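Inspection log for the structure reproduced underneath, given as structure tokens.
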Amino acid sequence: MTKKRLNILSILTGAVLLGSTPFLLSSDKVDEYRHHTTTKSEVPYMVTSPSIPEQVTFAGQDIDLTRYDRRERMDREQMAFTYMHSTTLLMIKRANRFFPVIEPILAANGIHDDFKYLMVIESNLNPIARSSAGAAGMWQFMQATGKEHGLEVNTNVDERYNILKATVAACKYLKESYDRYGDWITVAAAYNAGNGRISGELRKQLVDNAMDLWLVEETSRYMFRILAAKQVFENPKRFGFLLKEEQLYPPLYYKQVAVDSGIEDLALFAQQQGITYAQLKDANPWLRGTSLENKSKRTYSLLIPDTDGMYYNPKKTKAHSKAWVVD
């Protein structure tokens with residue numbers, strides 16, 4: 001055994017004793033490379049490329065990945081999800097909280113369950129996500145598009161940050177697109193680029209499916225990011241993500257308080273409900289100011305966190321999908 005090999009093994013052994021392993025245990029190819037190559041690594045870890053399936057399914061449609069361009073685009077996105085470690089881990093943890101909320105709404109509105117992965121790549125499952133272009137919320141609605149699909153958007157109330165209402169609005173948009181294209185992956189592309197842009201490109205380029213379009217890189221990657229996200233979420237262990245149930249984020253529980261008038265001071269209102277202003281805003285990020293004006297006298301439903309539920313016991317956390325955990 002060479003001195004270099006001894007040094008590497010010493011580093012690995014030390015890392016394990018410290019409670020962390022500095023390389024992914026995500027692929028059987030690690031052992032294969034060790035036994036079938038004479039290449040010597042100068043660093044104490046290995047990086048492998050996840051295998052690409054010949055075919056994947058999205059929203060009930062089979063998508064062939066054997067053609068070179070599709071395979072390489074899928075390869076890029078799978079590698080991106082595999083090696084942006086903290087972001088991917090965080091998304092899986094958050095999914096345990098938000099997928100149980102989103103999935104029934106998709107089903108009730110006739111939208112395939114796979115579109116939750118569109119929400120994943122839009123916002124990383126961050127309820128207060130906001131892009132540099134001004135898209136907001138889990139579904140990243142632009143202001144005009146949100147209003148067109150029934151969301152109230154102004155300086156005081158922005159329902160793009162209301163997870164329930166924004167998901168219903170997204171379902172409306174997706175159904176409109178499907179009525180136009182009759183193809184779910186093209187619907188996904190249109191969610192990113194807009195129906196006008198995709199329809200125009202399909203017409204000019206003489207094809208029927210967005211996967212066959214020459215598009216700007218963001219939209220071209222977008223479709224395959226959704227497919228890659230689905231692959232990772234359906235089997236995180238294959239990509240090296242090993243989680244225990246107690247590490248997932250559990251659902252939070254709320255009571256609903258109906259309000260049909262303005263609230264002059266949300267901090268005082270929160271105190272009256274037995275919570276802090278910060279907890280009120282965290283549960284209701286669609287409240288954009290320090291008050292609720294409600295000049296139109298609408299009825300709003302405010303979520304008030306269950307105070308006992310805020311102090312959850314991680315050992316009682318249950319995985320929404322057993323595929324996400326190793327225990």
Side-chain angles (χ1 to χ4, degrees), residues 24 26-27 49-67 69-85 87-107 109-126 129 138-140 167 170-171 173-174 177-178 181 183-193 209-211 218-243 248-249 319-326:
L24 282 177
S26 60
S27 172
S49 181
S51 59
I52 306 301
E54 292 186 355
Q55 177 179 286
V56 294
T57 302
F58 177 75
Q61 298 175 205
D62 293 332
I63 298 172
D64 176 38
L65 296 179
T66 59
R67 201 174 73 190
D69 57 333
R70 292 183 178 183
R71 177 182 173 83
E72 291 174 10
R73 289 158 72 185
M74 185 67 168
D75 189 41
R76 176 179 183 175
E77 304 313 325
Q78 279 197 173
M79 285 192 293
F81 273 98
T82 301
Y83 292 107
M84 57 179 191
H85 302 143
T87 300
T88 301
L89 278 171
L90 187 57
M91 289 190 295
I92 297 170
K93 291 184 177 193
R94 287 171 171 169
N96 201 61
R97 175 170 296 163
F98 294 119
F99 276 10
V101 176
I102 299 302
E103 289 171 351
I105 300 175
L106 295 177
N109 285 274
I111 299 299
H112 197 282
D113 189 67
D114 282 352
F115 274 91
K116 64 193 179 189
Y117 301 116
L118 182 149
M119 182 185 67
V120 166
I121 69 166
E122 281 286 345
S123 61
N124 292 344
L125 298 182
N126 177 6
M138 297 271 265
W139 290 94
Q140 288 290 279
T167 302
C171 289
Y173 186 97
L174 295 169
S177 294
Y178 188 77
Y181 302 116
D183 175 79
W184 285 118
I185 200 68
T186 302
V187 168
Y191 195 92
N192 176 258
N209 188 298
M211 279 195 156
E218 178 186 343
T219 307
S220 181
R221 293 186 64 182
Y222 188 87
M223 294 172 280
F224 289 87
R225 290 189 68 219
I226 296 173
L227 300 180
K230 181 181 177 182
Q231 292 292 300
V232 173
F233 272 77
E234 287 187 339
N235 190 359
K237 293 186 283 291
R238 183 166 81 87
F239 297 89
F241 297 101
L242 309 179
L243 286 159
L248 301 173
Y249 297 164
H320 182 62
S321 169
K322 288 297 182 183
W324 296 345
V325 296
V326 294

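All values below were derived from every heavy atom in this structure, side-chain atoms included, with hydrogens, water molecules and symmetry-related copies excluded. Predicted model, so just to flag it, every value in this text is computed and none were measured.
- Looking only at side-chain heavy atoms (C-beta outward), F98 and V120 stay at 4.5 Å or farther from each other.
- Of the residues Q78, E77, R73, M211, the one that meets the side chain to side chain contact (heavy atoms under 4.5 Å, CB included) test with L227 is M211.
- Using a cut-off of 4.0 Å between Lys/Arg side-chain N and Asp/Glu carboxylate O, D114 and K230 are scored as salt-bridged.
- A distance-only check finds no donor-acceptor pair linking the side chain of T219 to the backbone of A189 [under 3.5 Å].
- Taking the side chain as every heavy atom from C-beta outward, Q231 and P53 approach each other to under 4.5 Å.
- If you run side chain to side chain contact (heavy atoms under 4.5 Å, CB included) between L118 and each of I111, V187, N192, I226, only I226 comes through.
- For the residue pair E122 / Y222, a side-chain donor-acceptor distance below 3.5 Å is found, with atom types taken as modelled.
- In terms of modelled atom types and a separation under 3.5 Å, the side chain of D64 and the main chain of T66 share a donor-acceptor contact.
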- Message: I'd like to know whether L242 forms a side chain to side chain contact (heavy atoms under 4.5 Å, CB included) with K237, so could you lay out the CA-CA distance, the side-chain angles of the two residues, the decisive distance to 0.1 Å, and finally the verdict.
- Response: CA-CA 6 Å; L242 309 179; K237 293 186 283 291; 4.0 Å; yes
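- Counting only heavy atoms from C-beta outward, the side chains of M91 and M84 approach each other to under 4.5 Å.
- Ring geometry for W184 against Y178 counts as parallel: the plane angle stays under 30°, on a 0 to 90° scale with 60° as the upper cut.
- At a threshold of 4.5 Å between non-hydrogen side-chain atoms, the residues F115 and T167 do not count as touching.
- Remark: the backbone N or O of S123 is not paired with any side-chain donor or acceptor of Q140 at under 3.5 angstrom.
- Dense packing is recorded around CD of Q55, with more than 12 heavy atoms of other residues, nucleotides or ligands lying under 6.0 Å away.
- Under the 3.5 Å distance criterion, the side-chain polar atoms of T88 are matched with a main-chain donor or acceptor of F81.
- Every residue was checked against the side chain to side chain donor-acceptor pair (under 3.5 Å) condition with N124, not counting sequence neighbours, and none meets it.
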- Item | side chain to side chain contact (heavy atoms under 4.5 Å, CB included) between K93 and L125, intermediate numbers included | CA-CA 10 Å; K93 291 184 177 193; L125 298 182; over 6 Å; no
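- Aromatic ring centres of F233 and F239 lie farther apart than the 6.0 Å criterion allows.
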- Task: Could you give me the CA-CA distance, side-chain angles and deciding distance for I121 and F224, then say whether side chain to side chain contact (heavy atoms under 4.5 Å, CB included) is met?
- Result: CA-CA 10 Å; I121 69 166; F224 289 87; over 6 Å; no
